[in-house]
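Structure first, commentary second.
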Amino acid sequence: MSSRRPRRLLLTLPDEVLEEIFLRLDALPDLARASAACATFRRLITARAFLRRLHSLHPRPLLGFFKREGPSCEFFPAAPPHSSSAAASAVARGAADLTFSFLPATPGGWRLRNIRRGLALLSTRDGGGGCFFPDVVVCDPLHRRYAQIPQIPDDLAAPIRRSGSLPKGFDYLLAPARREEEEEEEEDSSFKVVCRPRLTEECDITVFVFSSGAGIWRAATLGSSLATAISVTSRPRCVHRCVYWLTRFLDRLLILDTDEMELSMFDNFPPSTGFVLNHTTAAIAEAGEDRLGVFNLDVHNVNLLSRAIRGSADEQWRHDKTIPLLPGYSIWRFVNHADVDGYILLGGVLGSGLQSDPITDGLQYFSLDLKTFRLERLCPMTIYQARNSPTEDAIGTGVGQARPTHFYRLYFHVVVNGLSEQQPNDLPRPKGGRSSFGCEDLSDTMQDQLLLVPEVAVAGTAGIHSPPLDPIHSPPPVAGAAAGMACSLLLTILPEELVVEILIRLTDLADLARAASACKPLRRLITSRAFLARLHALHAKPLLGLLLLERDRCGFLPAATAVAAAVARASDFAFSFLPDHAAGWRLRDVRHGLALLSSSSSSSYLSPLGDRGFFPDVVVCDPMRRRHVRVPPIPDDLTAGVRRIAVEHFDYLLAPAGRDGSSFRVVCRPKLPKQCDVTVFVFSSGAAFWRAAVLDACAATEKLFLPQSVHGYVYWRTHSSGTLLMLDTRDMDFFFVNIQTNKCVIGEAEEVGRLAVFNTIVDVGVHKVEILSKAIRGGADEPWRHDRTIPLLPGYKWRAARMAEGYLLLHGIVGNNSWSTPGIQLQHFTLDLKTLKLESLCDSISRGRHHHPQFDLYRSFPPPLSLSSI
């Protein structure tokens, strides 16, 4: 009973919580054992989304290499103290079929050509069934599955057949179709097979490339005149999805771009005068983004030089790094002249002098990680294994040492088939055995093997392009009292700080909201200010829609998202939760998910002096939480100068007081006659008191309108075109800023402390938004800086409406319709100033030229993920 209780406790947890627990297991063998524990754990751990996250956290281990001698090959596993030695030992003992015995029998047998990212490329020794080209397969030795590559079509192979020259052999290469990071992000494990028939020098050079994603062959040809001059003799290698061959005299590279199918020459090679390029002292590899690297050996170091693959002809080679070799070894040599899967293999002999003998002193193989530049001993070689024999790996010759020809680097799958992302369903299974083991029918043999390999590293995938797995439906969520028990058990098993780390990594905010509703302990953690502050720093605040104010009526236009639709259903944008008021409530402003409303007029709007009801009643409310707070009236000592004057109306504005949205400011300006001073009152929710600022009347202040908030300042447009009245709400002082025209939208620039002007212009028939900015506190003669011009979608007439919450709101109408035509559809778009992404938000119907509704952007985290300031 006691041994089963923890499993039952874990099974009561939600799937997303279990995934976060599994991802934090330091020892990957523990994760493999968990996948063997029960069907639920196996389903979670073998899911593509989980494996993609796991692979991003753990690098693919180097398990060993293949040494090829003639038609046969032998696998040499990494040996202690190499970090992958335990996993490599399990592979060597039979966890994977590295003899490829599961392939169908052929008269000439199969020949290993290349290994990359855990997949092996093999071909027959000659054309099968009378075919001109050999049969080719790509297989996964861990799953014991393979895929037959189709024959090259006759129309592509016709020039080879007509040349009258029989190929001396074929070059084959397995190349990635994408970068490894792109494959993991897009769940794509496609590959390319490169084939070059080795013809006589007077023939054209023709290269065929098969793409597993498209399922077709393509061809590229280099004319015979140039082909004769360069005489390609080396084996192909892959760098940044380009395939290259060294020429006979090792002075140029023939490069094939497998995306564009273009053959070109790479000159200015080797890197420097006196640089001796041979298979023992130099190796070619990837070096950064789209750069070709050459590693050169001197006595005690490896020097890395690089150059852009598509750089200019006169570009010089750049010295990037010098990597010191391990002391105590001599006669260092590169074993392969190119990298495979991010590693280069080197050989070193124990001893410090020229008298060191690899036969008596021992030859050691080392792996050099091209990302970390870590040099790690891979395994030793015996005198028998190091003997000379013919091989094709020598550069420019036909004879060389029988050395490792292929690295084997993949995600170890043997431990209960649990951690390989790609599990092809369309590949043939070997006869007389299973290619994968389920948790329910796990054999005793596999369990024993699991126990014998406690330190096995699980880190990557052997990827064959295949259709996605059939979806497996999750069990129904635990509800009611069981959910509360699960939460309690979770917090009992795990410390709170670990639970917080699990929750903060949930990528979907809806899942986090559901977790908060599961039980009180989780809700307490999720709704704490410290957690929400971290959450808001990781996730952008959702833009939920538009609040539409027309006269005294308010409506909500939700964005076309599930969250916005849920907010529209759950929130009260009619503000019916506010207390009844004789004069009714009027929406004034919206910011950070809060709404500012005032009574349409005070109970004694034209009352005698001294009546406290002189100013309207004001509330700030949260329509999603249905909460409100009443803003206290302005003290009499501050309003004494205003009460003696007949007030026409009031400007109200809601401004943020802090970056976290935990406090706010309410700005109130009575609209006084032209000859009166400008008086503005500011209430701070943090300090809970009002302050006042007064500016002497002048010609520029005769008419002020359209107040807005920018970077802690409030501005009003003035009657005189090209001038803004600014108020610093922190220091409560006024100043003026000159602008180019009043016919523009003004708001916050992306850069803090700068004011931005947004103009919609038409340039050669293309509608664009032009953004200009200047420092708010800059000098009077500071010019406006042109920041950028952003093209808008064609087919619309455009109008910029307002800037708020980091977005520019734009209205668009299709075709040649007029803005004043009633009944036409208005499309509302937002331009994100951070990403410059233009998106459709929602639409509405125009009611004609006499209706001018006010649109306010509504952007907020939905509860319980928002920091409530009321």
Side-chain angles (χ1 to χ4, degrees), residues 544-558 567-568 570-605 612-634 639 642 647-657 661-671 680-686 688-690 705-709 714 716 729 801-802 804-805 809 852-863 866-870:
L544 301 177
L546 291 177
L547 280 175
L548 174 64
L549 177 63
E550 190 171 9
R551 296 175 182 170
D552 289 335
R553 293 182 300 172
C554 178
F556 179 64
L557 301 176
V567 167
S571 303
D572 185 357
F573 290 105
F575 307 104
S576 60
F577 56 90
L578 294 179
D580 293 335
H581 197 284
W585 294 103
R586 180 182 178 185
L587 180 65
R588 295 289 192 164
D589 195 19
V590 177
R591 190 171 295 270
H592 290 319
L594 299 180
L596 174 68
L597 296 93
S598 74
S599 58
S600 296
S601 63
S602 66
S603 57
S604 52
Y605 186 55
R612 182 171 289 276
F614 184 79
F615 284 84
D617 294 325
V618 179
V619 294
V620 175
C621 66
D622 183 343
M624 287 191 289
R625 297 176 182 269
R626 290 178 166 82
R627 298 178 184 173
H628 75 279
V629 60
R630 180 167 180 172
V631 178
I634 304 174
T639 61
V642 178
V647 180
E648 300 174 1
H649 294 287
F650 295 87
D651 276 341
Y652 279 101
L653 186 72
L654 189 62
S662 59
S663 58
F664 59 84
R665 293 189 177 101
V666 175
V667 181
C668 171
R669 182 185 72 88
K671 295 184 177 180
V680 178
F681 304 98
V682 178
F683 173 79
S684 172
S685 65
F689 63 82
W690 286 91
F705 56 97
L706 296 179
Q708 292 294 331
S709 174
V714 176
W716 288 264
T729 58
R802 67 174 301 175
E805 303 275 2
L809 176 64
H852 302 285
Q854 173 186 335
F855 294 95
D856 283 306
L857 288 165
Y858 191 69
R859 188 182 181 205
S860 176
F861 285 99
S866 58
L867 279 167
S868 178
S869 54
I870 60 175

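All values reported here derive from a predicted model rather than from experimental measurement. Values below: all heavy atoms of this structure, side chains included; hydrogens, waters and symmetry mates excluded.
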For the student: nearest non-hydrogen atoms of L544 and S860, plus distance:
CD1-O, 3.7 Å
CG (L857) and CZ (R802) are apart, to the nearest 0.5 Å, by 7.0 Å
Is the closest side-chain heavy-atom distance between V567 and P558 below 4.5 Å?
no
Restricting to non-hydrogen atoms, name the atom on A655 and the atom on R591 that form the minimum distance, rounded to 0.1 Å.
CA-CD, 4.2 Å
Test item: F575 and V619 side chains (from C-beta on) under 4.5 Å apart, heavy atoms:
no
Measuring from atom CZ of R626 to atom OG of S571, what distance do you get when rounded to the nearest 0.5 angstrom?
6.5 Å
Considering only heavy atoms from C-beta outward, does the side chain of D617 approach that of W585 to under 4.5 Å?
yes
Looking at side-chain heavy atoms only, is the closest gap between P633 and W690 below 4.5 Å?
no
If you define the side chain from C-beta out and look only at heavy atoms, does anything of P707 sit under 4.5 Å from V667?
no
Side chains of L546 and L809, heavy atoms from C-beta outward: is any pair under 4.5 Å?
yes
Once rounded to the nearest 0.5 Å, what's the spacing between atom CG of L578 and atom CZ of R630?
11.5 Å
Determine the minimum heavy-atom distance between H628 and F577, stating which atoms define it.
CB-CE1, 4.3 Å
Please test S709 against R665 for side chain to side chain contact (heavy atoms under 4.5 Å, CB included), starting from the C-alpha separation and ending with a verdict.
CA-CA 10 Å; S709 174; R665 293 189 177 101; over 6 Å; no
D651 side chain vs R669 backbone, donor-acceptor pair below 3.5 Å
no
Tell me, do I634 and F683 make a side-chain contact under 4.5 Å, heavy atoms counted?
no
Could you walk me through whether F855 and L548 pass side chain to side chain contact (heavy atoms under 4.5 Å, CB included), step by step?
CA-CA 5 Å; F855 294 95; L548 174 64; 3.3 Å; yes
Might you point out which heavy atoms bring R588 and Q854 nearest each other, and give the distance in Å?
O-NE2, 3.9 Å
Counting N and O atoms only, with roles assigned by atom type, does the side chain of S599 sit under 3.5 Å from a partner on the main chain of P616, one being a donor and the other an acceptor?
no
The test is side chain to side chain contact (heavy atoms under 4.5 Å, CB included); show your working for V631 and F615 and say whether it passes.
CA-CA 12 Å; V631 178; F615 284 84; over 6 Å; no
To the nearest 0.5 Å, how far apart are CG in L557 and CG in D856?
11.5 Å
Atom CG of L653 and atom CG of L706: how far apart are they, to the nearest 0.5 Å?
11.0 Å
Do you know which two heavy atoms are closest between M624 and P863, and how far apart they sit?
SD-CD, 3.8 Å
Applying the side-chain contact (heavy atoms from CB on, under 4.5 Å) test to L596, which of L587, V666, V590 qualifies?
V666
Does the side chain of R586 reach to within under 4.5 Å of the side chain of Y652, using non-hydrogen atoms?
no
